[in-house]
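So that we are looking at the same thing, I have put the structure below in structure tokens.
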Amino acid sequence: MTGTKPADVDVAVVGAGFAGLYLIHKLRGLGFDVRCYDQADDVGGTWYWNRYPGARCDIPTTDYTFSFDEELEQAWTWSEKYATQPEILDYLRFVADRFDLRRDIEFGTRVDQAVWDDAARVWRLRTSAGEELTCRFYVMATGCLSLPKRPDIEGVDRFAGEVYFTGKWPHEPVDFTGKRVAVIGTGSSAIQAIPHIAEQAESLTVFQRTPAYSIPARNGPASSERLAQIAKDRAAYRDAARWSPGGIPGEYEENYALLMTPEQQRERFEKRYAEGELFAILGVFNDQSARLPANDIVSELIREKIRERVSDPKVAEALCPKDYPFGTKRPCLDTNYYETYNLPHVRLVDVRETPIVTVTETGIDTSAESLNFDAIVYATGFDAMTGPLVSVDITGRDDVTLKQKWADGPSTYLGLTTTGFPNFFTITGPGSPSVLSNMAVSIEQHVEWVADCLTWLRDEGYRTIEPTQSAEAGWNQHVADYAALTLTDLANSWYVGANVPGKPRLLYPYVGGVEAYRAACDEVTGRRYLGFALAGPTGSECNDGVVRRVQPDVAIVLNLFEALGVPGVETLPVPDARAFMTAMAATRMPGPEVGEIVDGELPGADGPLPYRLYRPATPGPHPVIAYFHGGGWVLGDLDSDDPLCRDLCDRIGAVVVSVNYRHAPEARFPAAADDAFAAVEWIAAHAAELGGIPGQLVVAGWSAGGNLATVAAQRARDAGGPPIAGQLLICPVTDSDLSRSSYEENGVGYILTTATMRWFWDHYADPADRTSPVCAPLRGELGGLPPAVIMTADFDPLRDEGIAYAEALAAAGVPVQHVRARGQVHTSVTMVDVVLSGAAVRAELADCVRGWLTA
Ligand code: NAP
């Protein structure tokens, strides 16, 4: 097409496991030339190498299977719930035979080098067989757990006996009968192998550094329920898997441990434990992966089970994981693992108590003893996710290798592509759900995405595709934002690269789930390959952009609102809108504990006003915050902002006095503003009685409450008091102009809408009053106001007036800090313990307020 020499093949693929096999089949069917390379002598990938005794999958095989061809599915029946390695390998051989895939695979051959030739727009490959070839597209289908990690133990090469690695097990049968065997490691591989090795060995010594959380797999026949579902409507079942969180259809109920009684918690746990499935135990409670107190409940219940399974209490205790949350390392499914330690010839050595000093010619020396063995089995894991990719010399544009580019951690767009490496794809690469999902489903999705992409490029006449830097940075940020919502950083797992010395620490897979991920990929293709630069002989195009900018937990809330069909409050009569807000508030998390909460009354501008005082648990007196709730001067009350008030009290260490001012339309402008100022005056005058430090008064508010807080500060300045130490303004209403860009951009779909704001204004103030600084403080005199921190949210119609206020205050000489809440909406920081990503924003606001108070 370009006058350059055609490539030898259209697509070169590395790896002949699940991914490589399907790629060959799929691309071949679309008319592409494909050549695949694998170091092994046959197909199988991970199932070719991991032949250790007891090796099985940990996803039910009804689901860990190709779904792209109904006839293939009908031609194969799995014999067990969790098939053994030989059976899975047989299956992959069966697939290879059925579709005649081997003729496009070079076995026993490694791709040693791949270099992008930018002039010719091809990849140039060199193989271990000395072959050189060019391809237009280069796909690494090398799996996530295919590069065994060399054990970082002194003396590993000295041992004169038999040495085995679970990840590279010999093809000939290994017989441990009559032998003294050591196993190093207690991850998934070891936990599967140990009971089998113990059956043969004269003695077995297991060296454990970190105990795993394991539950019984309860292997046996495949689930009859699942088989029935598949038989009833195979296509619907597979489709449900594709659009599920983990790649297995199931019921995903709302179950928050922290909202249940201990009895309810136990009942639900027992039900899930009995299923013997990873996703069941990882999803006992919706909050277990994000909230430590919820996770502690599951972790302790699993420890209880371990203690029941092991006779010697000391050994049981050593086998109980205690220093990392459940699920932050991959949990294991076992058959008789813990019971194996009840056998007289099996011993556990806790290397955290007695570390391995060195491997010797005859065995292993720990800090306490010298032990002799006939065989050592290393079940010490893999350089996961990136290891198989950077261990091949892959050089992209400008002579930069993938290893160099990823020196500080992988950077991908969708886990599929990476800038600087045109026409290069990674199947289940870092930044995609991969190991956190049913790999079969994720592999099929990636293969199909790549196949669609190559077909589209061909149809459109494009020759190259490469992600843009901004799209890639945006995806990396999204992956990191999701990771930050989990507890995964609390464990030294291979998920975060912690098992390989020097490997950058971050969560390598995408934790958002199969469904959300697929939606993002589909959106990218649907928007003409959003975030990709496309070029061909007749032209180029680039629809640059970031596919996911909203914080992931906010997106979940938005989706929930949409699914529930939550009405806009402006569609309701005011009493119904208030009742609706009250009902919503009743279902949410309560917010943190504080020292004391007292309800009272204070004099407003026209009669008493209810207030609620939050006192920190620390000894007083404390600074005082006069707080005004949000709700567009129409909605809201002392309950509506209760979690936020608790949070501010707790974080800042201040007495928070939340004031319920008069609302519109019953009391229109300026009633609320008058009440707010009266309340500030009263709180200042009674600071000592309230347990506060006189003179240390901050005004604060969210939304319309932010408007009232800063209007009160303007009035206090004009009235010569009371003195105010600072203003905490969270997404404040500062102006009545609804034509700013943020209204255009965010006026629909982010909870607070333009229509709702218009409704609020119409209830609150006559058009003629809306230009008054008491309504629109941005229009007032701003000099001489106390320091301010102004938070704006990216996806808030009020964003731009918040920014304008921050800029105007700064221009007027007021010390001001603008906190931009990336990816947040108007309500985010008030949704304490729901929008967890809001916590970082609240922490930043609290730091700022504390700064004024200690200054
Ligand atoms: P792993 O989970 O990384 O476990 C490695 C084990 O070796 C850990 O217990 C580790 O302890 C220990 N270890 C490493 N270096 C050590 C040292 N120098 N001294 C003492 N102990 C050391 O690896 P894996 O068991 O091979 O499993 C890896 C992943 O493969 C699994 O998480 C799973 O995703 C997959 N897999 C799945 C199945 C299945 O059921 N389908 C079976 C096998 C593997 P530390 O934890 O302290 O580092």
Side-chain angles (χ1 to χ4, degrees), residues 18 45-47 49-61 63-64 81-85 87-88 143-156 164-169 182-194 196 205-215 217 219 276-278 282 319 321 323-324 327-335 337 348-359 364 366-367 376-385 387-388 428 434-440 491-501 503 508-509:
F18 267 91
T46 196
W47 298 105
W49 298 107
N50 287 270
R51 297 163 178 261
Y52 58 85
R56 290 176 187 274
C57 60
D58 59 6
I59 295 290
T61 356
D63 300 82
Y64 188 74
K81 177 180 171 189
Y82 297 114
T84 61
Q85 173 270 333
E87 188 175 350
I88 300 173
C144 297
L145 293 155
S146 51
L147 186 71
K149 186 187 84 144
R150 198 185 143 69
D152 43 353
I153 300 173
E154 181 70 28
V156 276
Y164 301 100
F165 295 87
T166 48
K168 266 210 165 149
W169 200 261
V183 171
I184 301 181
T186 50
S188 302
S189 302
I191 279 178
Q192 288 183 331
I194 282 166
H196 291 265
T205 307
V206 177
F207 292 84
Q208 171 187 271
R209 186 164 66 189
T210 311
Y213 289 94
S214 186
I215 67 160
N219 201 13
E277 291 195 15
L278 267 187
L282 284 166
L319 286 165
D323 57 2
Y324 65 97
T328 53
K329 284 182 166 224
R330 190 179 183 87
C332 305
L333 298 181
D334 73 270
T335 304
Y337 170 64
L348 181 72
V349 173
D350 186 342
V351 305
R352 286 188 295 194
E353 268 183 19
T354 53
I356 296 176
V357 178
T358 183
V359 176
I364 294 174
T366 70
S367 60
I376 299 180
V377 175
Y378 291 98
T380 40
F382 299 86
D383 182 351
M385 310 278 306
T428 61
S434 60
V435 293
L436 299 180
S437 68
N438 173 0
M439 281 297 255
N492 291 323
S493 71
W494 61 261
Y495 286 162
V496 296
N499 66 329
V500 176
K503 194 165 171 174
Y508 284 69

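Start at 1 and go down the list; that is how both ligands and their atoms are numbered. Side-chain atoms are counted along with the backbone in the values below, which use heavy atoms only and exclude waters and symmetry mates.
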- Query: Taking only residues two or more places apart in sequence or in another chain, which ones pass ring-ring contact (aromatic ring centres under 6.0 Å, His included) with Y324?
  - Reply: Y213

- Query: Between T335 and N219, do the side chains contain an N or O donor and an N or O acceptor separated by less than 3.5 Å?
  - Reply: no

- Report the C-alpha separation of R352 and R209 in whole Å, then their side-chain angles, then the decisive distance to 0.1 Å, and conclude whether the side chain to side chain contact (heavy atoms under 4.5 Å, CB included) test is met. CA-CA 6 Å; R352 286 188 295 194; R209 186 164 66 189; 4.3 Å; yes

For ligand 1, output the ligand-protein N/O contacts shorter than 3.5 angstrom; if there are none, return none.
from     : atom 1 : to   : atom 2 : distance (Å)
ligand 1 : 7 (O)  : A379 : O      : 3.2
ligand 1 : 9 (O)  : T186 : N      : 2.9
ligand 1 : 9 (O)  : G187 : N      : 3.4
ligand 1 : 15 (N) : K149 : NZ     : 3.4
ligand 1 : 15 (N) : R209 : NH2    : 3.4
ligand 1 : 18 (N) : D152 : OD1    : 3.0
ligand 1 : 25 (O) : S188 : N      : 3.0
ligand 1 : 25 (O) : S189 : N      : 2.8
ligand 1 : 25 (O) : S189 : OG     : 3.3
ligand 1 : 26 (O) : S189 : OG     : 2.7
ligand 1 : 32 (O) : W494 : NE1    : 3.0
ligand 1 : 34 (O) : R330 : NE     : 3.1
ligand 1 : 40 (O) : R56  : O      : 3.4
ligand 1 : 40 (O) : Q192 : NE2    : 2.9
ligand 1 : 41 (N) : R56  : O      : 2.9
ligand 1 : 41 (N) : D58  : N      : 3.1
ligand 1 : 46 (O) : T210 : OG1    : 3.4
ligand 1 : 46 (O) : K329 : NZ     : 2.5
ligand 1 : 47 (O) : R209 : NE     : 2.8
ligand 1 : 47 (O) : T210 : OG1    : 2.4
ligand 1 : 48 (O) : R209 : NH2    : 2.8

- Message: Can you classify the ring geometry of W47 versus Y64 as parallel (below 30°), tilted (30 to 60°) or perpendicular (above 60°)?
- Response: perpendicular

- Task: Identify, with sequence neighbours excluded, every residue that meets salt bridge (charged side-chain N to carboxylate O under 4.0 Å, His left out) alongside R51.
- Result: none

- Task: Tell me, please, which residues at least two apart from Y337 pass ring-ring contact (aromatic ring centres under 6.0 Å, His included).
- Result: Y341

